[in-house]
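Letters A, B, ... mirror the listed sequences (proteins, then strands); counts begin at 1.
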There are 2 protein chains.
Amino acid sequence: MKLTNKGRYAVMAMADLAQFKDNGPISLTDISLRQNISLAYLEQIFIKLKQENLVKSVRGAKGGYVLESPPEEIKISNIISAVDEKIKTLNCKKESKKGCNNKSSKCITHNLWDQLDQHINSFFEKVKLQDLVKKNQMVDR
Amino acid sequence: MKLTNKGRYAVMAMADLAQFKDNGPISLTDISLRQNISLAYLEQIFIKLKQENLVKSVRGAKGGYVLESPPEEIKISNIISAVDEKIKTLNCKKESKKGCNNKSSKCITHNLWDQLDQHINSFFEKVKLQDLVKKNQMVDR
DNA sequence: GCAATTCCTACCTTTTCAGTATGAATTAAA
DNA sequence: TTTAATTCATACTGAAAAGGTAGGAATTGC
């Protein structure tokens, strides 16, 4: 899993969508203003969110986006992996150029980084969009 | 905590040092060959490892580096934070430019990213250098 | 003295992030 | 039916950072 601000923006935008989900389609202009993210950038992000079926779009005036599923069913991990192209977790799998090219079984940190990745993933799997909007407070602990 | 290949290289190099710790000072040339990391890059990394008292150096011919502590006492987190300048966890604390500048308490993802950071940190706190060298196998789950 | 090493610092190249720019297609509403 | 609000699509750009090079100085065992 890759982690960038883009992923964070996506989460923010989705949370915004969840928060106002009863107002019909939410335009990116609205989100842009509320979350302070450039409109054009949001557009790019939403293209991907749509491709992954996390949102659906309504075109034309009064259009916008709506969540595909209820907020309590949307995992943060899905949002992030939708916009931050998965490949490369900062590991050594980058096809044999550098990294794990020593004969075999070398690269002593390989397993470690793999496990970290799983760790981060499972962290974001446990959190749902709903957890972010309710009282703006996270799951405790 | 920031995660880059540099941090991974540092861990690899330290693991190498642990593996050959009974051979006296290990030269960066050796590590460079075994781990396939450029010598000059290793030099930069080791300057920092030394600053953080993770290794000590022996100058001159037949010189090299040795671990400051036994491998079972060295946390991976210390290695990584030694070389990857801590600041910026990819969160919103970047002084009010963008990000958490909305009045107050906004930025719905703030807590989430904070918690992730703690998660990653505690992951690397639990793993010791020793865990990497023994059988090249990680602590089980 | 010489070769092997650490130390130091400046530079360079490539990639990626984050964001702009531009324009088209679609549609509600005036 | 025109206009304004929107999504859709794609190409470009600027800045920063990652990853690494280059060159030389200082130290020390042999």
Side-chain angles (χ1 to χ4, degrees), chain A residues 2-13 17 23-33 35-52 54-66 80 83-92 94-95 97-99, chain B residues 2-13 17 23-33 35-51 54-66 80 83-92 94 97-99:
Chain A
K2 202 164 102 189
L3 295 174
T4 67
N5 268 320
K6 194 187 220 167
R8 204 165 62 79
Y9 286 164
V11 175
M12 287 167 75
L17 231 49
N23 298 13
I26 308 292
S27 76
L28 294 190
T29 311
D30 287 357
I31 300 180
S32 168
L33 292 173
Q35 304 299 331
N36 195 34
I37 305 169
S38 102
L39 175 60
Y41 204 30
L42 274 176
E43 286 174 351
Q44 293 176 61
I45 289 171
F46 271 80
I47 298 268
K48 302 204 176 170
L49 292 176
K50 192 185 167 191
Q51 279 167 2
E52 297 298 314
L54 291 169
V55 297
K56 60 187 162 198
S57 66
V58 179
R59 301 191 66 171
K62 292 284 172 187
Y65 288 93
V66 266
I80 292 175
V83 299
D84 277 338
E85 9 272 322
K86 15 239 129 211
I87 1 151
K88 171 189 171 186
T89 317
L90 181 58
N91 53 13
C92 21
K94 44 174 68 167
E95 51 257 26
K97 192 105 165 288
K98 282 277 171 100
Chain B
K2 202 164 102 188
L3 295 174
T4 67
N5 267 321
K6 194 187 220 168
R8 204 165 62 78
Y9 286 165
V11 175
M12 287 167 75
L17 232 49
N23 298 12
I26 307 293
S27 76
L28 294 188
T29 310
D30 286 357
I31 299 180
S32 169
L33 292 173
Q35 304 299 332
N36 196 33
I37 305 169
S38 100
L39 174 61
Y41 204 29
L42 274 176
E43 286 175 351
Q44 293 177 63
I45 289 171
F46 271 81
I47 298 272
K48 304 204 175 171
L49 292 176
K50 192 186 166 189
Q51 279 166 2
L54 291 168
V55 297
K56 60 187 161 196
S57 65
V58 178
R59 301 191 67 172
K62 291 285 171 186
Y65 288 92
V66 267
I80 292 174
V83 299
D84 278 336
E85 11 272 322
K86 16 238 129 212
I87 358 144
K88 171 190 172 189
T89 318
L90 183 56
N91 55 12
C92 20
K94 44 174 68 170
K97 193 104 166 288
K98 281 276 170 99

Enquirer: Rounding to an integer number of Å, can you tell me how far A:Leu28 CG sits from C:dG19 P?
Expert: 15 Å
Enquirer: May I ask you to test the B:Ile31-B:Leu17 pair for a side-chain heavy-atom distance under 4.5 Å?
Expert: yes
Enquirer: With a cut-off of less than 4.0 Å, is there a side-chain N or O of B:Lys50 near OP1 or OP2 of C:dC7?
Expert: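 For C:dC7, OP1/OP2 do have a side-chain N/O of B:Lys50 under 4.0 Å.
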Enquirer: Is any side-chain heavy atom of A:Leu42 closer than 4.5 Å to a side-chain heavy atom of A:Ser32?
Expert: yes
Enquirer: Could you state the atom-to-atom distance from CD1 of A:Ile47 to C1' of C:dG19 in whole Å?
Expert: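 Value for this atom pair: 16 Å.
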Enquirer: Could you state the atom-to-atom distance from NZ of B:Lys48 to C1' of D:dA18 in whole Å?
Expert: 12 Å
Enquirer: Which parts of nucleotides 24-29 of chain C does protein reach within less than 4.0 Å, heavy atoms only, written one letter per nucleotide 5' to 3' as B for base, S for sugar-phosphate only and - for none?
Expert: -BBBB-
Enquirer: Holding to side chain to side chain contact (heavy atoms under 4.5 Å, CB included), I want the full list of residues that pass it with A:Lys62, two or more places apart in sequence or in another chain.
Expert: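 So A:Lys62 forms no side chain to side chain contact (heavy atoms under 4.5 Å, CB included) with any residue.
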Enquirer: Could you check whether any side-chain heavy atom of B:Val83 comes within less than 4.5 Å of a side-chain heavy atom of B:Leu49, counting everything from C-beta outward?
Expert: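 The answer is yes; the side chains approach within 4.5 Å.
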Enquirer: So does A:Glu43 reach the base of D:dT10 with its side chain, donor to acceptor, closer than 3.5 Å?
Expert: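 Answer no: no donor N or O sits under 3.5 Å from an acceptor.
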Enquirer: Would you mind classifying the nucleic acid contact of A:Tyr65 as base, sugar-phosphate or nothing, using non-hydrogen atoms under 4.0 angstrom?
Expert: sugar-phosphate
Enquirer: Nearest-Å distance, CD (A:Gln35) to C1' (C:dA18)?
Expert: 17 Å
Enquirer: Please compare A:Ala40 and A:Gly64 by the position of their nearest nucleotide in DNA chain D and report the one closer to 5'.
Expert: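 Looking at the nearest nucleotide for each, A:Gly64 comes out on the 5' side.
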Enquirer: Please state how far atom CG in B:Asp30 lies from atom P in C:dT5, giving the value in whole angstrom units.
Expert: 7 Å
Enquirer: Phosphate oxygens OP1/OP2 of C:dT16: is one of them under 4.0 Å from a side-chain N or O of A:Thr4?
Expert: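 Answer is no, no contact under 4.0 Å.
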Enquirer: Tell me, do A:Ile26 and A:Val66 make a side-chain contact under 4.5 Å, heavy atoms counted?
Expert: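 Answer no - side chains too far apart.
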Enquirer: Does B:Gln44 get its side chain close enough to the base of C:dT9, under 3.5 Å, for a donor-acceptor pair?
Expert: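 Not at all, since no donor on one side and acceptor on the other fall under 3.5 Å apart.
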Enquirer: With a cut-off of less than 4.0 Å, is there a side-chain N or O of B:Thr29 near OP1 or OP2 of C:dA4?
Expert: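 Checking B:Thr29 against C:dA4: no side-chain N or O falls below 4.0 Å of OP1 or OP2.
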Enquirer: Distance check needed: C:dT20 C1' versus A:Leu42 CG, whole Å only.
Expert: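 A:Leu42 atom CG is separated from C:dT20 atom C1' by 14 Å.
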Enquirer: Would one find a side-chain N or O of A:Tyr9 under 4.0 angstrom from OP1 or OP2 of C:dC17?
Expert: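 For C:dC17, neither OP1 nor OP2 has a side-chain N or O of A:Tyr9 closer than 4.0 Å.
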Enquirer: Would you call A:Ile47 and A:Glu43 a side-chain contact if the rule is heavy atoms closer than 4.5 Å?
Expert: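 No - every pair of side-chain heavy atoms lies 4.5 Å or more apart.
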Enquirer: Does a side-chain N or O from B:Asn5 land closer than 4.0 Å to OP1 or OP2 of D:dA18, or not?
Expert: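 Checking D:dA18 against B:Asn5, no side-chain N or O comes under 4.0 Å of OP1 or OP2.
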Enquirer: Check the orientation of B:Phe46 and B:Tyr65. Use parallel for under 30°, tilted for 30 to 60°, and perpendicular for over 60°.
Expert: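 Ring orientation, 0 to 90° scale: tilted.
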Enquirer: Whole-Å distance between C:dA18 P and A:Ile37 CD1?
Expert: 11 Å
Enquirer: Given C:dT5, is OP1 or OP2 found less than 4.0 Å from the side-chain N or O atoms of B:Ser57?
Expert: no
Enquirer: Take atom CZ of A:Phe46 and atom C1' of D:dA9, then tell me their distance rounded to the nearest Å.
Expert: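 Value for this atom pair: 17 Å.
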Enquirer: Counting C-beta onward and ignoring hydrogens, is there a side-chain heavy-atom pair between B:Thr4 and B:Arg8 closer than 4.5 Å?
Expert: no
